[in-house]
Amino acid sequence: MIVTEGLTRKFKDLVAVDHLDLEVGEGEVFGFLGPNGAGKTTTVRMLAALIAPSSGRAVVAGYRLGEENHKIRQVVGVLTESPGLYGRLSAYQNLDFFAKLYGVRERAKQVEKYLKMLDLWDRRDEPVGRFSKGLQQKVALARALIHEPRVLFLDEPTAGLDPEAAKLVRDFIEELAEEERRTIFLCTHNLSEAERLCDRIGLIKQRLIKVGTPEELKGQLYGRRTVVQLKRLPSDLLGGLRELPFLEGLEADGNKLIVSLKDPEEENPILIKRIVELGGEVQWVREMEHTLEEVYLDLVREDA
Amino acid sequence: MMNYRLRALMKKEWQEAFKNKMVLFGITLLPLIFLGFAVFMLLQAKGLPPEAPPETKFILINQTMFYFILLPLIIPLSIAVYAVTGEKEQKSLEPLLATPLTDLELFAGKVLAAAIPGVVISWLFFGLFLGIASLLVTLDLVLTVLAPPWLVAIFLLSPLVAIFTVTVSMLISSRMSDTRAAYQLSSFAVLPVVIPIFIFGLREALLSLGLIALEAGIVAIVDVGTVLLAAKLFQREQILVRWK
Ligand SMILES: Nc1ncnc2c1ncn2[C@@H]1O[C@H](COP(=O)(O)OP(=O)(O)O)[C@@H](O)[C@H]1O
Ligand SMILES: [Mg+2]
């Protein structure tokens, strides 16, 4: 559905996106993960034929970027970073306008379908400027979908929403993802969001750093880590634990141990047993969750 | 000639504009005030003592033309400024540009959406003025208004002036983020167009066809320039990368 080759965009001296080689299949939900300024929005803008690449090529939904831009715009949908709705117009007017621009057949039906699907039907005639951020984002999503695009670009769809609204939007995206033929390109800087919604994730910082399924990425990165909270740290505990053959890493942080393991399901019981034998009093055991910062920083470090 | 996307955009512009106080003032109250001025001058012409030279009458009547050239200049201003700054403030340009709307349709839609009300409303008020004039003053005075210089001014110069206003204020607005500032600067920028009319009105007993045609010609040439310049700015790449 999306293929890029050496796709690059410069702004004067700044290289925003650097030789991106990417392939996203039909029906796939692809997560484009990276911190602010990584080039996510710039990539979406290029792929949606909004701005031209400085070099490189891309094919989107079978159309060549640069030569068939008009066709690309006809078959892709974009949820931009900010909802960008016409605040004085109603939800209905907003959607109807875009349906017209896309030349949607049976416009009224289509507008009604999405307003109902997103629980906005009862408020269809209110100016959207009065809507909460979450509701506005829903209208913007409906707008991106109104012409049933084959490729949907979502640029940070939950950024700036309160947790409740973010969940609603995420649930809706999950529903969309189930439709088999819809390809979704999701930009985010939220790892758990990418993990939950995406089939594959690409990590980007100007260059594409890594691509894989969420499991592959996490596995590759860390092994996995277990956090053990002790009442206090016996002095010979660390030395004793280091003798465990499967241990990949061991750090102490106050009374907390952070242990890297290959196969925690098998190795945690042995680890805990050993800690107890060595006189440790275990308060808590949990799996360490990785924030995007960690994953990301590790990858960048690895990359450099 | 007008395709469905262009029509959709124009309709959207109007739906938005007519909910905007500044625009509403520009298209209703302002023409009414101007009409009031014009009628006032008409009454003055009527009230002149019989011994006054006949030219004085004509000068007063011709002065009113000023208002009808000012209308297509001012009415589109607020619509055109808002058509650009409104999109910028609402950050709605990017989703709009993601649609199959072409750059030219975007530009033409905005220009027409602002220029058409300016021209139509000023014609409407010109009609009203004619109606009131035929009730208030003698037919020969009304007929001066229906002479070639006036007709050229109303039906040729007006639309040209409207296009000038629209393109200039769109150019200025694309560079500015504040609606009010863009509106003020645009207002100054378009005023020079009416100065000649004002001066002709003061000097000439009868507005001459030649002078009006000359001004129309000059405005037409300037229009070509501003249209080309503005059209160049209204391209996706420019809008997304350069506009502030
Ligand atoms: N119009 C522009 N002019 C100059 N630099 C830009 C422009 N748009 C984006 N950039 C720069 O390109 C880089 C990538 O930006 P962006 O694609 O918005 O990142 P992201 O969406 O991942 O936060 C940033 O350093 C940003 O400052
Ligand atoms: Mg971004």
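Each chain gets a letter, A, B and so on, in the order its sequence line appears, and its residues count up from 1. Predicted model, so just to flag it, every value in this text is computed and none were measured.
- Residues B:Pro95 and A:Pro83 come closest through the heavy atom pair CG-O, 4.1 Å.
- Across all their heavy atoms, A:Leu89 and B:Lys19 have their closest contact at CD2-NZ, 4.0 Å.
- When each of A:Asn69, A:Leu50, A:Ile51 is paired with B:Arg236, the side chain to side chain contact (heavy atoms under 4.5 Å, CB included) condition holds for A:Leu50 and for no other.
- Comparing A:Arg88, A:Gln93, A:Lys71 by how many heavy-atom pairs each has under 4.5 Å with chain B, the most go to A:Arg88.
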Exercise. Go through the steps to decide whether B:Glu94 and A:Arg45 satisfy the test salt bridge (charged side-chain N to carboxylate O under 4.0 Å, His left out), and finish with yes or no.
Key: CA-CA 9 Å; B:Glu94 192 168 354; A:Arg45 285 179 169 180; 2.8 Å; yes
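- The contact between B:Glu87 and chain A is made entirely by side chain atoms (from C-beta outward), counting heavy-atom distances below 4.5 Å.
- Heavy-atom distances place the side chain of A:Phe98, and not its backbone, under 4.5 Å from chain B.
- Taking chain A as the reference chain and counting heavy-atom pairs below 4.5 Å, the highest number among B:Glu105, B:Lys12, B:Glu89 is found for B:Lys12.
- We find the CG-OG1 distance between B:Leu240 and A:Thr41 to be 11.0 Å, quoted to the nearest 0.5 Å.
- Residues A:Phe97 and B:Thr99 are not in side-chain contact: their nearest non-hydrogen atoms beyond the backbone lie 4.5 Å or more apart.
- For A:Ala52, the parts sitting under 4.5 Å from any heavy atom of chain B are the backbone and the side chain alike.
- Counting non-hydrogen atoms of other residues, nucleotides and ligands closer than 6.0 Å to NZ of A:Lys116 gives a total above 12.
- In plain terms, the two heavy atoms of A:Tyr86 and B:Leu96 that are nearest each other are OH-CD2, 3.7 Å.
- With chain B as the partner, the residue from A:Ile72, A:Asn94, A:Asp96, A:Leu85 showing the most heavy-atom pairs under 4.5 Å is A:Leu85.
- The closest side-chain heavy-atom distance from A:Lys100 to B:Leu9 is not below 4.5 Å.
- Of the charged side-chain nitrogens involved, at least one lies within less than 4.0 Å of a carboxylate oxygen, so that B:Glu237 and A:Arg9 count as a salt-bridged pair.
- Residue-environment remark: CD (A:Glu23) stays at or below the threshold of 12 foreign heavy atoms within 6.0 Å.
- With a 6.0 Å radius and a threshold of 12 heavy atoms from other residues, nucleotides or ligands, B:Arg175 has its CZ atom above the threshold.
- Counting non-hydrogen atoms of neighbouring residues, nucleotides and ligands closer than 6.0 angstrom, the OH atom of B:Tyr4 exceeds 12 such neighbours.
- When B:Leu101, B:Thr102, B:Val241 are compared by the number of non-hydrogen pairs under 4.5 Å with chain A, B:Val241 comes out ahead.
- At a 4.5 Å heavy-atom cutoff, A:Ala144 makes no contact with chain B through either its backbone or its side chain.
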